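In what follows, a single structure is set out as structure tokens and then discussed.
In what follows, every chain begins at residue 1, and chains take the letters A, B, ... in the order their sequences are listed. Model, not experiment: these values are computed from the prediction.
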2 protein chains.
Amino acid sequence: MSIPANTRISERAQAAGPAVEPDADEIDFELIELLFFAYRDFVGDPDLILAEYGFGRAHHRVLHFVNRRPGLTIAELLDILRITKQSLNRVLKELIETDFVEQRAGRTDRRQRLLFPTDKGRELAMSLARMQHRRIDRAIAGAGATGRDVARRFLTAMVGPADGGNETP
Amino acid sequence: MSIPANTRISERAQAAGPAVEPDADEIDFELIELLFFAYRDFVGDPDLILAEYGFGRAHHRVLHFVNRRPGLTIAELLDILRITKQSLNRVLKELIETDFVEQRAGRTDRRQRLLFPTDKGRELAMSLARMQHRRIDRAIAGAGATGRDVARRFLTAMVGPADGGNETP
DNA sequence: TGGGATAAGTCAACATAGCTGACTTAACTC
DNA sequence: GAGTTAAGTCAGCTATGTTGACTTATCCCA
């Protein structure tokens with residue numbers, strides 16, 4: 001039985017201990033570069049539509065999460081996007097002024113501003129999501145029977161705290 | 001036998017014809033958002049190291065591809081990154097001045113500037129690649145036996161020309 | 001061999017989207 | 001009533017992308 005590519009490092013780790021520094025030929029350059037190209041094309045699709053409204057990718061991200069989590073607060077949105085209040089405010093203001101997003105004061109805490117998509121906002125968000133869905137759907141069709149589940153688990157595990165970067169502990 | 005999640009749309013397509021508009025509950029919001037979070041954390045790892053040199057993500061991308069394809073030309077690099085000559089020149093100039101990248105005139109065509117990493121540049125590129133490799137390696141370990149291969153096929157299929165966006169053909 | 005095409009570099013000006021720091025307003029909590 | 005918190009705002013800076021116009025060196029071909 002041959003050793004699958006994804007166990008190379010683990011094999012070496014067992015032999016050499018936990019502090020393994022992969023050599024050039026052991027680094028997964030292929031996946032590193034695929035992530036770059038895949039993401040570039042994935043976010044590039046909606047750009048043409050966004051440009052029609054004078055919006056950019058920052059507007060897209062805000063509109064997307066407001067549409068997906070209607071009623072979320074500014075603080076929650078800041079936490080998801082990991083940008084500053086000032087950066088968010090610039091694009092959010094435009095989305096509100098152009099009637100894609102609306103705010104309502106919180107019922108229990110009236111300091112909070114709950115964010116909701118308008119009908120117009122929902123339509124735009126959905127049309128952008130459909131574009132991205134089409135690309136994902138096509139990609140999954142070519143990834144095998146359990147493709148979606150494996151891709152989901154892989155990407156889920158990619159999310160997490162900073163690497164730390166302990167090259168030689 | 002149950003229908004796998006990734007065939008939902010195809011099933012509907014067979015019933016309704018090729019022009020299928022997925023409803024809100026059929027759009028793969030989970031993968032759309034996972035790609036956003038995964039990529040955010042994936043490119044976020046190297047940022048701390050890059051900041052020590054006064055570099056940003058643009059420098060990282062240039063250094064990465066110069067290291068991976070030593071001897072590539074300016075035109076080839078522009079084609080990979082899909083940015084303008086002026087944008088590239090700004091960061092490339094800094095990488096050359098700080099001795100991370102060097103240029104040599106092409107042998108057959110002396111108009112070309114072939115790009116090579118210096119020893120210093122190779123070291124930095126490799127150390128950043130190792131950070132990203134660690135995250136990928138961990139993610140693949142949690143994605144099942146054929147995880148890497150499926151992830152590779154999925155991401156490969158994600159790369160490609162613009163979507164076109166024919167919502168109602 | 002001379003003229004057009006090509007690879008690269010440069011100058012200027014601008015847009016987007018991130019950042020820090022300092023401050024205000026309104027509402028909540030104790 | 002005092003301190004805390006959620007949000008909004010002003011000012012200014014940085015990084016990285018864009019267009020457009022132009023130069024220089026070199027290549028290639030008629």
Please walk me through it: do A:Glu26 and B:His133 pass side-chain hydrogen bond (donor to acceptor under 3.5 Å, both in side chains)? CA-CA 9 Å; A:Glu26 291 181 312; B:His133 173 85; over 6 Å; no
With a 4.0 Å cutoff (strictly under), does any side-chain N or O of [X] reach OP1 or OP2 of [N]?
X	N	value
A:His59	C:dA17	yes
A:Ser87	C:dA17	no
A:Thr84	C:dC19	yes
A:Arg110	C:dC28	yes
B:Gln103	C:dG9	yes
B:Asn89	C:dT10	yes
A:Arg61	C:dG18	yes

What I'd like to find out is whether the side chain of B:Leu88 reaches to under 4.5 Å of the side chain of B:Leu81, using heavy atoms alone. yes
Is A:Glu33 close to B:Arg68 at the side-chain level, that is, under 4.5 Å between some pair of heavy atoms?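 B:Arg68 vs A:Glu33: side chains touch.
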Among the nucleotides [options], which one has an atom lying closest to any side-chain atom of [X]?
X	options	result
B:Gln86	D:dG17, C:dC19, D:dG20	D:dG20
B:Lys85	C:dT10, C:dG18, D:dT9	C:dT10
B:Gln112	D:dT19, C:dA7, C:dG18	C:dA7
B:Arg111	D:dA6, D:dT16, C:dT6	C:dT6

Rounded distance in Å - [atom1] ([X]) to [atom2] ([N]):
X	N	atom1	atom2	result
B:Asp109	D:dC29	CG	C1'	15 Å
A:Glu76	D:dA6	CD	P	11 Å
B:Arg107	D:dT26	CZ	P	16 Å
A:Leu81	D:dA7	CG	P	13 Å
B:Arg90	C:dA15	CZ	C1'	12 Å
A:Ile83	D:dA15	CD1	P	19 Å
A:Leu88	C:dC19	CG	C1'	14 Å
A:Ile74	C:dT25	CD1	C1'	15 Å

Axial cation check for B:Phe42 ring with B:Arg135, 6.0 Å and 45° limits: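 Negative - B:Arg135 is either too far from the ring of B:Phe42 or too far off its axis.
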Whichever of A:Arg82 and A:Gly106 has the more 5' nearest nucleotide on DNA chain C, that residue is A:Arg82
At 4.0 Å (heavy atoms only), tell me whether B:Lys93 reaches a base, stays on the sugar-phosphate, or touches nothing. sugar-phosphate
Using the rule given for ring pair (Phe, Tyr, Trp, His ring centres under 6.0 Å), can you reason through A:Phe100 versus A:Tyr53, listing the C-alpha separation, both sets of side-chain angles and the distance that settles it, and then say yes or no? CA-CA 11 Å; A:Phe100 285 88; A:Tyr53 300 89; 5.5 Å; yes
Using the side-chain contact (heavy atoms from CB on, under 4.5 Å) criterion, which residues pair with A:Glu94? Sequence neighbours excluded. A:His59
